[in-house]
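Reviewing the structure listed below.
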Number of protein chains: 2
Amino acid sequence: MRFLLVEDNGELAEAVSNRLALDGHAVDHAGSLAEAEHCLAATSYDLILLDVMLPDGDGRDFLARSRAHLETPVIVLTARARVTDRVGALDQGADDYITKPFDFSELEARVRAVLRRRGGSARNEIPLGEALFDPMSGTLRAGGESVTLRNRETRLLEVFARHPGQTFSKGQLLDRLFSFDAEVTENAIEVYVGRLRRRIGPLGLRIETVRGLGYRLETAPA
Amino acid sequence: MRFLLVEDNGELAEAVSNRLALDGHAVDHAGSLAEAEHCLAATSYDLILLDVMLPDGDGRDFLARSRAHLETPVIVLTARARVTDRVGALDQGADDYITKPFDFSELEARVRAVLRRRGGSARNEIPLGEALFDPMSGTLRAGGESVTLRNRETRLLEVFARHPGQTFSKGQLLDRLFSFDAEVTENAIEVYVGRLRRRIGPLGLRIETVRGLGYRLETAPA
DNA sequence: ACAAAGCTGACACGGGCCTGACACGTCTCG
DNA sequence: CGAGACGTGTCAGGCCCGTGTCAGCTTTGT
C-alpha cells in the first residue's frame with residue numbers, strides 16, 4: 001500500500017514513516033499542503049495521513065476542498081482533542097482521526113481499520129492455531145472458550161499474529177508497542193509476555209522464549 | 001434507496017449526505033427548487049428531504065404544487081419550530097417534518113419510519129434477548145414487564161439493537177446520537193449508558209463496558 | 001558455580017469510568 | 001401567564017482497573 005503523510009514535524013514524520021514501512025507500506029512525505037497537492041497530482045495513494053496544523057494552511061480546509069474529487073480514505077492527525085474539531089473533521093470527509101501524541105500501535109490499528117472499512121470486508125479475524133483472534137475487539141476464541149485481552153496485551157499478540165513464526169527482540173516489541181518518545185523499560189515487555197502467556201495458555205497458544213534473542217509465538221503444541 | 005435532498009446550506013447538505021450514505025442510501029443534492037425540479041424529471045426517488053427556506057422560493061409551495069403528481073414521500077426540514085409551520089407542512093402533503101437543528105439519529109429514525117410506513121409493513125420490533133424493542137415508541141417489553149424509554153435512551157439503544165454484538169466507542173456514539181455541530185462531552189454518553197442500564201437491567205439486558213474501546217450490548221446473561 | 005537473562009508477585013500511579021446532584025430549557029397544565 | 005414536571009447535558013468527586021516499575025527469585029549457558 002502507498003500512503004501520503006502530510007506533516008510538518010520532520011521528526012514525527014520520520015518516525016511514522018519508518019513504522020509504517022515495517023508493515024510493508026510505502027510512505028511519501030509532504031511537509032506542506034502545497035507539497036501534498038503536488039504528490040496527489042503525481043500519483044495515487046491508498047491512504048492519506050493529514051495533520052491539521054500546517055505551515056501553509058489548515059489541513060481540514062484542504063480536506064474539504066479535496067473531498068469532492070478524492071476517493072482516498074483520510075485519517076486526520078490532530079493535536080486538539082476538542083469535540084468540535086473531531087466532528088468537523090469527520091463531517092468534512094475524514095474517515096478517522098487520531099489525537100497527538102499517539103502510540104504507533106494505535107495508529108497502525110486505525111490505519112488497518114480504515115483500509116478494511118474501505119475494502120468492504122466486515123471483520124478480519126486471524127486464525128491462531130485452534131483459536132480465532134480479533135485484534136479490533138481484543139477477543140480470542142477457541143472452542144467454547146472466549147477470552148478478552150487488555151489493550152496492551154492485544155497489541156502484543158497482534159504483532160505476533162501478523163508475523164507468524166517470527167522472533168521479536170524485546171527492543172523491537174518495545175518500538176512496536178509504544179510511541180517513539182515513550183520511556184519504557186524492556187522489563188515491561190517481559191511483564192506483558194508473562195501476562196499474555198497466562199491468558200492464552202488455556203487456549204493452546206504458547207510464547208517461546210529464545211534466550212538472548214526475544215520471543216516467538218507457537219501455535220501448535222510442542 | 002435513492003434520496004433527493006433539497007437544501008441550500010452546503011455544509012449541512014454534505015453532512016446529511018454522508019450520514020445517510022452510511023446507512024447505504026444514495027443521496028442526490030439539489031441546492032434550489034429549480035435544481036430539484038431538474039432532478040425529479042431526470043430520475044425517480046424513494047424519499048425527498050425538503051428544506052422550506054430556499055433561494056428561489058418556499059419549499060412548501062413547491063410541495064403543494066408537486067403533491068398532486070408525486071407519490072414520493074417527503075420529509076420537510078424546517079428551521080422554525082412553530083406549530084403552524086408544522087401543521088401547514090403536513091397539510092400540504094409532507095409525510096413528516098423535522099426542525100433544525102436536528103440530531104442525526106432523529107433524522108435517521110424519521111427516515112426509517114416514513115419508508116416503513118410507505119412500504120406498508122405495520123411496525124418492526126427488534127428482538128433483544130427475551131425482550132422486544134420498538135424504536136419508534138421507545139418501549140421495551142419482556143414477559144409482563146414493560147418499560148418506556150426517553151428519547152435519547154431510545155436512540156442509544158437503537159444503535160446497539162441495529163448492530164448486534166458490535167462495540168461502539170464513545171466517539172462513535174456521540175457522532176451517531178448528536179447533530180454535527182453539537183458540542184457535547186463524551187461524558188454525556190457515559191451518563192446515558194448509565195441511565196439506560198438502570199432501565200433495561202430488570203429486563204435481562206446488559207451493556208458491557210470494554211475499557212478503552214467503548215460499549216457493547218449483551219442480550220444473553222453472562 | 002556464577003553471572004546474565006528472564007520471570008513474577010506486589011505496588012503506586014494515572015486515567016477511564018460511574019454516579020449523584022444541579023442548572024437549564026421546554027412543555028403542560030391550571 | 002406562572003408553577004410544576006420532565007428531559008437533557010454538565011460537573012465534581014470517587015471508585016476501580018490497566019499499566020509500568022521494582023525487587024527478589026528462578027532459569028540458563030558456560
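Throughout, protein chains are lettered first and strands after them, A, B, ... in sequence-line order, and every chain is numbered starting at 1. These numbers come from a predicted model, not from an experiment.
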- [ ] Given side chain to side chain donor-acceptor pair (under 3.5 Å), test A:R199 with A:T148 step by step and report yes or no.
- [x] CA-CA 9 Å; A:R199 298 243 191 186; A:T148 303; over 6 Å; no
TODO: For B:V193 and for A:G212, locate the closest nucleotide of DNA chain C by heavy-atom distance; then report the residue assigned to the nucleotide nearer the 5' terminus.
DONE: A:G212
Task: From CZ (A:F133) to CG (A:L128), nearest 0.5 Å - done: 7.5 Å
Round to the nearest Å and state the distance from [X] atom [atom1] to [N] atom [atom2].
X      : N      : atom1 : atom2 : result
A:R152 : D:dC17 : CZ    : C1'   : 15 Å
A:N151 : D:dT19 : CG    : C1'   : 10 Å
B:R155 : D:dG7  : CZ    : P     : 15 Å
A:R150 : D:dC16 : CZ    : C1'   : 12 Å
A:L196 : C:dC7  : CG    : C1'   : 15 Å
B:Y215 : C:dG16 : OH    : P     : 12 Å
A:I189 : C:dA5  : CD1   : P     : 17 Å
B:L173 : D:dG9  : CG    : P     : 14 Å

- [ ] Determine yes or no for a side-chain-to-main-chain donor-acceptor pair under 3.5 angstrom, with A:H29 supplying the side chain and A:E7 the backbone.
- [x] yes
TODO: Before accepting this row, confirm whether a basic side-chain N of the pair B:E208/B:R206 lies closer than 4.0 Å to the acidic partner's carboxylate O.
DONE: yes
- [ ] For each nucleotide in nucleotides 22-30 of chain D, reading 5' to 3', give B when a protein heavy atom comes within less than 4.0 Å of its base, S when such contact involves only the sugar-phosphate, and - otherwise.
- [x] BB---BBS-
Task: Residue pair B:G31 / B:D8: nearest heavy atoms and the distance that separates them - done: O-CB, 3.5 Å
- [ ] Please check if atom CD in B:E190 has more than 12 non-hydrogen atoms from other residues, nucleotides or ligands closer than 6.0 Å.
- [x] yes
Open item on the list: More than 12 heavy atoms of other residues, nucleotides or ligands under 6.0 Å from CD of A:Q166: yes or no?
Closed with: yes
Is [X] near enough to [N] that one of its side-chain N or O atoms lies under 4.0 angstrom from OP1 or OP2?
X      : N      : result
B:R195 : C:dC18 : no
B:K170 : C:dG16 : no
B:R198 : C:dG20 : yes

TODO: Whenever both distances are under 3.5 Å in a Watson-Crick or G-U wobble pair, mark it; put DNA chain C into dot-bracket that way, with [ ] for crossing pairs and | when the partner is on another strand.
DONE: ||||||||||||||||||||||||||||||
Open item on the list: Counting the benzene-type ring for Trp, do A:F168 and A:F160 have ring centres under 6.0 Å apart?
Closed with: yes
Task: Nucleotide of D:dT8, C:dG20, C:dG6 approaching A:T209 most closely (side-chain heavy atoms) - done: C:dG6
TODO: Begin with the C-alpha distance, continue with both residues' side-chain angles, and end with the deciding distance and a verdict on side chain to side chain donor-acceptor pair (under 3.5 Å) for B:D134 and B:S137.
DONE: CA-CA 6 Å; B:D134 179 5; B:S137 65; 3.0 Å; yes
